[in-house]
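Below is one structure, written out as structure tokens, with a few remarks after it.
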Amino acid sequence: MNNGNYENVCENLKKVRMQIREAEQKAGRPQGSVKLMAVSKFHPDQAVLKAIEAQQLLFGENRVQEACSKFPELIKNNPDIELHMIGQLQTNKVRHAVEIAKCIESVDRIPLLDEIEKQCQRLNKTIKILFEYHTGEESKSGFTDMQELTQALENFKQGKYAHIIPAGFMTMAPFVEDKDIIRKSFVTLRTIAQQMQEKYPQFDLSELSMGMSGDYEIAIEEGSTLVRIGTAIFGQRDY
Ligand SMILES: *Cc1c(COP(=O)(O)O)cnc(C)c1O
């Protein structure tokens, strides 16, 4: 636990950024091809403010209620903040989620898309989404079959979601020690993303959100464009 002490956030961010640059280089990828999201769930405003001081503007939150209690004020004072929702999303929370987020990365079912469209239409707002795909044994979230995922993209193709921009894919690797299992999960997502991009060239599905504190270097080797880092920036969460 960090005892509410966020003095190290700036330093931690610098370290993580450096490690991302190193991983990019090692993988032969262009510098800056991987974006860093700071996952601030369970950490207070002051932690987020420390990260902003260190020029961090992209944040991720899991729960709508927590995001809505922290971020409206932060965004008011720092309009360049970009918040993504990354946790399992209940349909009745969509209304508030679309008000506050620029992107919902955890879209795992078609009814959720229907609701996002409905709420965005109400607000006359366009939002980005990523399709979360289930690639590991332990995690419970994400699309689990290609058929439903394909149907979701067919809905986009038919113009059902005028207020939603499909931007790519997200996954969580299983929490295991075995690096081969973790890598396999990232390769699965990349493969699905490539297949879907070929099938639906009218959409830019190039975002690959994969990699967390424990596995982001592997994710970068496997093509991640966005890593979601909490613990390595803010310390252990105090649930
Ligand atoms: C909490 C969380 C993260 C960050 O995890 P860390 O291991 O603390 O870096 C990333 N992605 C999702 C979906 C999360 O829920």
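Indexing begins at 1, ligand by ligand and atom by atom, following the structure's order. Nothing fancy with the numbering, it's 1 onward along the sequence.
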Are side-chain N/O atoms of [X] and [Y] paired as donor and acceptor at under 3.5 Å?
| X | Y | answer |
| --- | --- | --- |
| Gln151 | Gln147 | no |
| Asn62 | Glu66 | no |
| Lys118 | Gln121 | no |
| Ser185 | Thr135 | yes |
| Glu132 | Ser141 | yes |

Closest non-hydrogen protein atom to [atom], residue and atom name please, with distance?
| atom | result |
| --- | --- |
| atom 5 (O) of ligand 1 | Met212 CE, 3.4 Å |
| atom 11 (N) of ligand 1 | Arg228 NE, 2.8 Å |
| atom 12 (C) of ligand 1 | Ile86 CD1, 3.5 Å |

Which atoms of ligand 1 are found less than 4.0 Å from any heavy atom of [X]?
| X | answer |
| --- | --- |
| Ser213 | 6 (P), 7 (O), 8 (O), 9 (O) |
| Asn62 | 14 (C), 15 (O) |
| Thr231 | 6 (P), 7 (O), 8 (O), 9 (O) |
| Ile229 | 9 (O) |
| Lys41 | 1 (C), 2 (C), 3 (C), 14 (C), 15 (O) |

(request) Could you say whether the N/O atoms of Gly214 and ligand 1 ever approach to under 3.5 Å? (result)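 N/O-N/O distance below 3.5 Å does not exist for this pair.
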(message) Tell me whether Arg237 reaches ligand 1 (any heavy atom closer than 4.0 angstrom to a ligand atom).
(response)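 Contact check Arg237 vs ligand 1: positive.
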(message) Do the side chains of Glu222 and Arg190 get close enough for a salt bridge, i.e. N-O under 4.0 angstrom?
(response)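 Salt bridge: yes.
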(request) Flag the pair Glu221 and Arg29 as a salt bridge only when some basic side-chain nitrogen lies within less than 4.0 angstrom of an acidic carboxylate oxygen. (result)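 Salt bridge flag = no for Arg29 with Glu221.
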(message) Tell me the contacting part of Met172 for ligand 1: side chain, backbone, both, or neither, using a 4.0 Å heavy-atom threshold, strictly below.
(response)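 Contact part for Met172 vs ligand 1: side chain (C-beta onward).
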(message) Just checking Tyr133 against Phe143, ring centres under 6.0 Å apart?
(response)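 Here the rings of Phe143 and Tyr133 have centres that are no less than 6.0 Å from each other.
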